[in-house]
Amino acid sequence: MVKVADDLYIYNKKNSAKLFRQAENVIPGGVTANIKHFAPYPIFMREGKGSRLIDVDNEEYIDYSLCYGALITGHGHPNIIEATQKQLLNSGTAIFGTPHELEVTMAEKLTNLYPSIDQVRFTNSGTEAVLLAIRLAIAYTNKQKIGKFEGHYHGGLNKLLVSINPSKTNAGTATSPSSVYESDGITDDEKANTIIFPFNDLEATEVLLRKHADDLAAIILEPVQGGFIPAEKKFIDGLRTLTEELNILLIFDEVKTGFRVALGGAQSVYNVKPDITALGKVLGGGFPIGAIGGKKEIMMQSAANAKGDVFAVGSDSKATTNVVFHSGTYNGHPVVLAAGLETIRLLEKEQLLENLFANTMQLRKRLESLYQSYHIKMKTIGMGSIFNIVFIDSNVQQHRDMWDANIELRHAIDMELLNLGVYLKPLNRYSMSIAHTLKDIDDTVKAHKHAIENVFNRKRH
Ligand SMILES: Cc1ncc(COP(=O)(O)O)c(C=O)c1O
């Protein structure tokens, strides 16, 4: 049994404990997103600066969560602050509630960076982007079901809250995984319309695709599962060929990977064109956003111009039945788009992403040698600016491979790191930013060394 550093955690983070107790009275579970909870209680932050976060007890951390990957320029990059301030001051308003120029600028930018995208719609989150992608696919193919891969996360959509983290006992067979729902409150109708596929297993995927081809509107995947388990090239190529043959739309959920593994997302790394792409996170420069893009004939289904507006009271309701509904009060928010455009402008600077990827690789390699020097079986897995640390000897190509990882040790190390000034929600993946310096990398490696020794010492006592 690996002991964790709870005692020190509770000693160091008293103000977080106090706030959490208060929060629990008025916010279910004390957090506004389930993912933000961890035991004994999450850390409440009050300030961010570059690669650093400072909590309500004045403890400073090198941040590797970066708001679950959204902050690729780090906290409070001066260009992003300036761009958003300027947008507010120059326009004189937070939002127009009408079309505006930045929507066109960003849509054009995305069509240039992502060759699979002819047209774009904006949303306020990745979840909403996936929601529209699915609705468009069902309308386009006139089929009812959606395929998703075991271990992949696509936001809070009822239909897709399934088999994200199933365990050995309930996941079914490797070639035809069971549906394991991750939330209560999902209707049987919704459950009946999602089919689970095995990631990186082309043979088994082909069998299931052929079996359900008449019902499947689309299959959605994270081309890099969880942001850190890359699809094999031959798997992605095979999936593209099969979906074309079987008239099933291929949806890439690039909410994590967009701009983080390459400016043009994982699809540019694999050189594959999905039919629809969902984007989010980095695209908003730290502000809430999602976007979907795809082939014109698919996207145009949501164009209401010629067909009618569902909100025009008294108009012919039949006219809107052929339109795929998409709306949202805050869609295309100008301040968010200003932040997102400035983020992309920064990332387009020569060598910037290359340097970020090189720094990420340096951290990965140094951590690997550190753990090796302690004879701990550990691998880093990832792509571009995202990676994960897995205590395992064997290959990791899909969710089931993670069942063999030493989660207990990983959790113990993560809890130590939270006491040593490295922030990551325990067991989560690492994201790097352009604000992380070589000194941050040195300090992180030192903190890991310290964490390993603390875990060993606790085990002995
Ligand atoms: C791959 C993927 N899709 C969709 C989402 C949902 O995005 P949001 O949290 O903005 O709704 C996430 C969020 O982590 C994600 O990682």
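Counting starts at 1 for both ligands and their atoms, in listed order.
The distance from ligand 1 to the heavy atoms of G126 drops below 4.0 Å at these ligand atoms: 6 (C), 7 (O), 8 (P), 10 (O), 11 (O). Close approach to E222 involves these atoms of ligand 1, each under 4.0 Å from a residue heavy atom: 1 (C). Shown in contact with S125 at under 4.0 Å from a heavy atom are these atoms of ligand 1, numbered in order with element: 10 (O), 11 (O). Distances below 4.0 Å separate heavy atoms of G155 from the following atoms of ligand 1: 4 (C), 5 (C), 6 (C).
Residue contacts with ligand 1, taken as heavy atom pairs separated by less than 4.0 Å, do not involve H152 at all.
Inclusion of H154 in the set of residues having an N or O under 3.5 Å from an N or O of ligand 1 is not warranted. Considering backbone and side-chain N/O atoms, V255 never comes within less than 3.5 Å of an N/O atom of ligand 1.
Looking only at heavy atoms of the protein, atom 16 (O) of ligand 1 is closest to K256 NZ, 2.9 Å. When only non-hydrogen protein atoms are considered, atom 9 (O) of ligand 1 lies nearest to T127 OG1, 4.5 Å. Looking only at heavy atoms of the protein, atom 3 (N) of ligand 1 is closest to D253 OD2, 2.6 Å.
For F287 and H333, the gap between ring centers reaches or exceeds 6.0 Å. Between H448 and Y371, the ring centre distance stays below 6.0 Å.
K281 counts as a contact of ligand 1, since one of its heavy atoms falls under 4.0 Å from the ligand. The closest approach between a heavy atom of Y153 and any atom of ligand 1 is below 4.0 Å.
Classification of K273 and D237 as a salt-bridged pair fails, no side-chain N sitting under 4.0 Å from a carboxylate O. Salt bridge E222/K148: absent, no basic N to carboxylate O contact under 4.0 Å.
F96 and H100 have tilted rings, their planes meeting at an angle from 30° to 60° on a 0 to 90° scale. Aromatic ring orientation, Y430 versus Y64: tilted (interplanar angle from 30° to 60°). Between Y423 and F38, the angle of the ring planes lies from 30° to 60°, which puts this pair in the tilted group.
Residues E150 and Q398 bring no donor and acceptor atom of their side chains to less than 3.5 Å of each other.
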